[in-house]
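Quick note: residue numbers are just sequence positions, from 1.
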Amino acid sequence: MSFPLLTVTAALPAVGAIATAAVPAARRTAAKWLALLVSLATLVLAITVLVRFDPDGERYQLTESHAWIADFGVRYELGVDGIAVALIALTALLIPFIILAGWHDADPLETGSKRWRPTQGFFALILAVEAMVILSFEATDVFLFYIFFEAMLIPMYFLIGGFGDRAHEHGEKTAATQRSYAAVKFLLYNLAGGLIMLAAVIGLYVVAGNFSLTEIAEARANGSLDMATSTERWLFLGFFFAFAVKAPLWPLHTWLPNAMQESTAPVAVLITAVVDKVGTFAMLRFCLQLFPEASKWATPAILVLALISIIYGALLAVGQRDIKRLIAYASISHFGFIIMGIFAMTSQGQSGATLYMVNHGISTAALMLVAGFLISRRGSRLIADYGGVQKVAPVLAGTFLIGSLATLSLPGLAPFVSEFLVLVGTFTRYPVIGILATFGIVLAALYTLVLYQRTMTGPVKPEVAAMPDLRVRELVVVAPLVVLLIFLGVYPKPVTDIVNPAVKQTMSDVQKKDPQPEVEAAK
């Protein structure tokens, strides 16, 4: 029996979460270091998965399959393709930075406060989310995927509701109320999506007789499993609805701004750079592979929704007064680009969408974490409370600028390549949608540059005059992300080489070929 690398990669942070939670209350620092070491060890395992994966080999590699609930056809089946490998690497990479950035976010509150923030619980919950996200990327049994797709909501609920941002202008009581509201809204939206998906999962079992993704897809391909058109469309909608909530896609997005606003900056990064990627990943793995005809049927409507997300998210970002809400609405716009690339049904669009998932994770982490460092110094999330920061904290301002420029997809930074591929891939099949989506780029330049101008330039406000620059721990968090943004902006080939074969197989699932360019015959 071969070494169960995928199981160990997901199990390590789960075991680490239990061990971190068990650290005595007085040993907060030990709990932090334990969580960090576990996350670094998980990163090593994720790199091992990346190294052992052969992009030109079988579609699903490092597979594991064991009987689990035999009476219901449920198996413990794991396997990774190029898209899953890239996202596992992204998750394992970001978690150590999230832990470092939140090093003091769960320390006891100031003297006089009656509320205790259990440090061990905070870091244990982060590791628990990492384990569930990695298992979601690895699962090739639909029911197994569903379990962890839903289970990750529990630790996220406590991270949002129990460890909110301390920078709140309305006092601790109001802040606690708003945190609870954001956490409950997050949970209800995602539970609603999950319940609809559960009905679709059961329906899939009734039709197919098992939950194995590979067996069902193979049966669909060779014609031994023939779904009625109406059945396939209803099942597709059940799966897609849950993934669109998680992604999030307009009009199912409204939980995200509240959740990111009320969370600490590291938890906000965990939401949008890690957890939300499960939704877009699942669209590629499950919607397109299990329901190819329904995916093509729904494409025009989904592209319109994605376009609305792009423009709507960008427009609302322009008008925000809160730094975190601005980044949240920008992420809604970016997820619109990702979903548009997936359903453009071209290899450029889907490669760009997958690359966008990775690049958006890095760029959003860089911008949000620096914004968190800024907010912790001033004690306010409001843009109007800042001004002239670059004169007193030039390194902080410089890294904030790079994160902002990456958010607007400046050429030379990682998101540019992925956004360009998405637009090209969309334009070749749906030119009107591709052209209209470019307005999102114009609006992105507006909201990011205005944010930088209002916070970092101009006269130095008295409240920021004594603001310290980035400390060593904060530089350790931000510097590698900046390096990655530049490296992948100049040389994205390491990622595209991994994901492109998986994209070609997905295109084969839906029986789509790239449109051929029309070349006018020479006269």
Side-chain angles (χ1 to χ4, degrees), residues 59-60 65 68-75 77 79 81 83 136 139-147 149-150 191-247 249 251-252 278-306 339-340 342-346 349-350 353 429-430 502-513:
R59 180 171 193 170
Y60 294 107
S65 181
W68 185 21
I69 310 175
D71 292 341
F72 296 97
V74 181
R75 296 185 62 83
E77 286 190 349
D81 61 2
I83 299 170
S136 297
T140 55
D141 182 278
V142 177
F143 191 79
L144 180 67
F145 168 83
Y146 172 79
I147 289 174
F149 180 81
E150 287 293 278
L191 278 178
L195 288 174
I196 292 174
M197 181 182 169
L198 178 60
V201 169
I202 295 171
L204 180 65
Y205 176 74
V206 171
V207 173
N210 65 78
F211 292 107
S212 174
L213 171 67
T214 53
E215 291 182 15
I216 296 173
E218 183 179 351
R220 297 294 323 265
N222 62 28
S224 60
L225 174 60
D226 186 19
M227 290 187 194
T229 300
S230 59
T231 300
E232 180 176 348
R233 290 178 178 179
W234 280 112
L235 293 178
F236 167 85
L237 290 173
F239 278 77
F240 181 80
F241 182 86
F243 303 152
V245 172
K246 184 86 77 178
L249 177 69
L252 306 171
V278 178
T280 47
F281 162 80
M283 291 178 188
L284 278 165
R285 171 166 281 191
F286 296 101
C287 286
L288 269 61
Q289 192 170 345
L290 293 175
F291 315 110
E293 294 304 319
S295 297
K296 290 185 283 188
W297 162 75
T299 287
I302 294 172
L303 288 177
V304 171
L305 294 177
I339 295 170
M340 186 176 74
I342 291 171
F343 285 91
M345 301 294 183
T346 61
Q350 291 188 358
R429 198 180 293 278
Y430 303 97
V503 166
K504 290 179 181 178
Q505 290 166 328
T506 303
M507 290 285 291
S508 177
D509 291 334
V510 294
Q511 298 179 352
K512 281 283 190 177
K513 295 182 179 179

Can you see which heavy atom on Ile216 is nearest to which on Leu290, and at what distance?
CG2-CD2, 3.6 Å
Cut-off 3.5 Å, no hydrogens considered: what does the side-chain donor-acceptor table look like for residues 200-212, sequence neighbours left out?
residue, atom, partner, partner atom, Å
Asn210, OD1, Ser212, N, 2.9
Ser212, OG, Glu77, OE1, 3.1
Ser212, OG, Thr214, OG1, 3.1
Ser212, OG, Glu215, N, 3.3

Where do Ala244 and Leu252 come nearest, in terms of heavy atoms and distance?
CB-CD1, 3.9 Å
After noting the C-alpha distance and the side-chain angles of Phe343 and Met283, does the key distance pass the side chain to side chain contact (heavy atoms under 4.5 Å, CB included) rule?
CA-CA 9 Å; Phe343 285 91; Met283 291 178 188; 4.0 Å; yes
Check side chain to side chain donor-acceptor pair (under 3.5 Å) between Glu293 and all other residues, then give those that pass, not counting sequence neighbours.
Lys296
Sorted by first residue and then second, give each side-chain hydrogen bond (donor to acceptor under 3.5 Å, both in side chains) pair with at least one member in residues 231-246; sequence neighbours left out.
Arg220-Glu232
Contacts of Asp81 meeting salt bridge (charged side-chain N to carboxylate O under 4.0 Å, His left out) (sequence neighbours excluded), chain-then-number -> Arg285
Under the rule for side chain to side chain contact (heavy atoms under 4.5 Å, CB included), what residues qualify as partners of Ala217, not counting sequence neighbours?
Gln289
Mind listing the closest non-hydrogen atom pair of Ala242 and Met197 along with its distance?
CB-CB, 3.6 Å
Is the Trp297 ring parallel, tilted or perpendicular to the Phe236 ring (thresholds 30°, 60°)?
perpendicular
So does Val278 get a backbone contact from the side chain of Ser136, meaning a donor-acceptor N/O pair under 3.5 Å?
no
ring-ring contact (aromatic ring centres under 6.0 Å, His included) with Phe239: which residues, sequence neighbours excluded?
Phe291
Atom CZ in Phe143, atom CD1 in Ile69: separation rounded to 0.5 Å?
5.5 Å
Mind checking what makes ring-ring contact (aromatic ring centres under 6.0 Å, His included) contact with Tyr146, not counting sequence neighbours?
none
Any side-chain donor-acceptor pair under 3.5 Å between Arg75 and Ser65?
yes
Classify the ring geometry of Phe286 against Phe145: parallel below 30°, tilted from 30° to 60°, perpendicular beyond 60°.
tilted
